[in-house]
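Have a look at the structure below before the remarks.
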Number of protein chains: 2
Amino acid sequence: MNKYEQLKLENQLCFPLYVCSKEIIRKYKPFLSKINLTYTQYLVMMVLWENDKINLKTLGEKLFLDSGTLTPVLIKLEQKGYVKRQKNKIDERNLIVEITKNGSLLKEQAKNIPKSLSQCIPISNEDAYNLYIILNKILKNINKEKDTSLID
Amino acid sequence: MNKYEQLKLENQLCFPLYVCSKEIIRKYKPFLSKINLTYTQYLVMMVLWENDKINLKTLGEKLFLDSGTLTPVLIKLEQKGYVKRQKNKIDERNLIVEITKNGSLLKEQAKNIPKSLSQCIPISNEDAYNLYIILNKILKNINKEKDTSLID
DNA sequence: AGTAATTAAATTGTGTACAATTTAATTAGA
DNA sequence: TCTAATTAAATTGTACACAATTTAATTACT
């Protein structure tokens, strides 16, 4: 085994992760375009379907996205009439994102998307379960070094 | 279990895939910036470190990227002096991408990146192995429906 | 109270990603 | 052989994604 073995594309772990992510998001497109959403917009709506109101910072922490990404996405969702954006009266640095009636109605139209998608992804139930567990384990720890740096 | 259960963010499989992919690519940045590459550029270079020459179409198939993405990436790599782009004399529709001497020298500087990265990702060897297997299984089959549609 | 430090969004600039279209070259078919 | 169909890149337009900076509001400190 030569010293460059780990540089081969086929030995990468991140590469198939990156490709699977992109390819699965691509599979969402025909379903999401029916309700006029992109994948990122869909993620925001999923959060709002669970919590009517949320501030941008908290939303960003849930979705692992910053204001640089979310601000334009939220402006578009507002233009589509699915969310409302307003400053927090108590602390005007905070932006409160609130779902509208039309935004809530969209949930009904979206409810079968997860099942439709699962039929597009070639994976056994067992693999899907293991994948889910492993990925969430990674996510739980991926940015932990920030915490330890506070201790040092 | 209500009819919207599968719409919850925490029940998604694609979302943690998408986040892990992004977060791991972010971990690459400090290492890649030392050799003046982005992650996408690094993927191209990994292919070229294995094959000195490749045409754009084949490169795109390996990386799951199209000419719309690769053309500007290759132009940047050419400006950095790591690749050369030239038309195939036999069939001028084909673009041949060839690694330069400087591009080859970069391999030596990159050889420890995989190990550095693996130390940044909080995952056991067993989970990493299983993840690798599952993701590659998905990739192998993800765009197969194109083939079956040819049969129908 | 008044200034400094901190915080949260928005903005700016760079770099993908990809669908759709265009351009140019090659191949297939009448 | 000449035209139609096909192929491969490049181009165009839209939408993230994120680092870095800016702006505005709040909090901490003297």
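When reading the values below, keep in mind they use all heavy atoms of this one structure, side chains included, and skip hydrogens, waters and symmetry mates. Below, chain A is the first sequence line, B the second, and so on; all start at residue 1.
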- Measure from the side chain of B:Lys29, starting at C-beta and using heavy atoms only, and say which of C:dA9, D:dA19, D:dA17 lies closest. D:dA19
- Query: How is B:Thr69 classified with respect to the nucleic acid when contacts are heavy atoms under 4.0 Å: base, sugar-phosphate, or nothing?
  - Reply: base
- Could you work out which one of C:dT16, D:dA15, D:dA25 sits closest to the side chain of B:Lys76? C:dT16
- Query: Is there a donor on the side chain of A:Thr38 or the base of D:dA15 sitting less than 3.5 Å from an acceptor on the other?
  - Reply: no
- Message: Need one value for B:Ile75: base, sugar-phosphate or nothing, where a base atom within 4.0 Å counts as base even if backbone is also close, heavy atoms only.
- Response: nothing
- Note on the structure: Among the nucleotides C:dA8, C:dA9, D:dC18, whichever has the atom closest to the side chain of A:Arg93 is C:dA8
- Message: With a 4.0 Å cutoff (strictly under), does any side-chain N or O of A:Asn94 reach OP1 or OP2 of C:dA9?
- Response: yes
- Query: Any salt bridge between A:Glu78 and A:Arg85, counting N to O under 4.0 Å?
  - Reply: yes
- Query: Per the atom types in the model, does the base of D:dA10 pair as donor or acceptor with the side chain of B:Ser67 at under 3.5 Å?
  - Reply: yes
- Query: Is the charged tip of B:Lys22 near the ring of B:Tyr18: under 6.0 Å from the six-membered ring centre and within 45° of its axis?
  - Reply: yes
- Item | Between P of D:dA17 and CG of A:Leu43, the distance in whole Å | 8 Å
- Query: Charged N to carboxylate O below 4.0 Å: is that the case for A:Lys57 and A:Glu61?
  - Reply: yes
- Query: Of the nucleotides D:dA19, C:dG15, C:dC18, which one has an atom closest to the side chain of A:Arg26?
  - Reply: C:dC18
- Task: Output the single nucleotide from C:dA9, D:dT11, D:dT26 whose closest atom is nearest the side chain of A:Asp91.
- Result: D:dT26
- Task: Determine the contact category for B:Leu65: base if any of its heavy atoms lies under 4.0 Å from a base atom, sugar-phosphate if only primed atoms, P, OP1 or OP2 are that close, otherwise nothing.
- Result: sugar-phosphate
- Let me know the distance between NZ of A:Lys89 and C1' of D:dA25, rounded to the nearest Å. 16 Å
- Task: Would you mind checking if B:Lys111 and A:Glu5 are paired as a salt bridge, meaning a charged N to carboxylate O distance below 4.0 Å?
- Result: no
- Message: For a quick test of reading the model: is some side-chain N or O of A:Asn55 closer than 4.0 Å to OP1 or OP2 of C:dA9?
- Response: yes
- Message: Taking the minimum atom-to-atom distance to the side chain of A:Lys57, which one of C:dA17, D:dA9, C:dA8 wins?
- Response: C:dA8
- Starting at CD of B:Glu61 and ending at C1' of D:dA9, how long is that distance when rounded to a whole Å? 14 Å
- To the nearest angstrom, the CG-C1' distance between A:Asp66 and D:dC16 comes to 11 Å
- Message: Ring of A:Tyr4, cation from B:Lys107 - is the NZ or CZ under 6.0 Å from the centre and inside 45° of the axis?
- Response: yes
- Rounded distance in Å - CD1 (A:Ile25) to C1' (C:dT16): 13 Å
- Tell me: CG of A:Leu32 to C1' of D:dA15, nearest whole Å? 14 Å
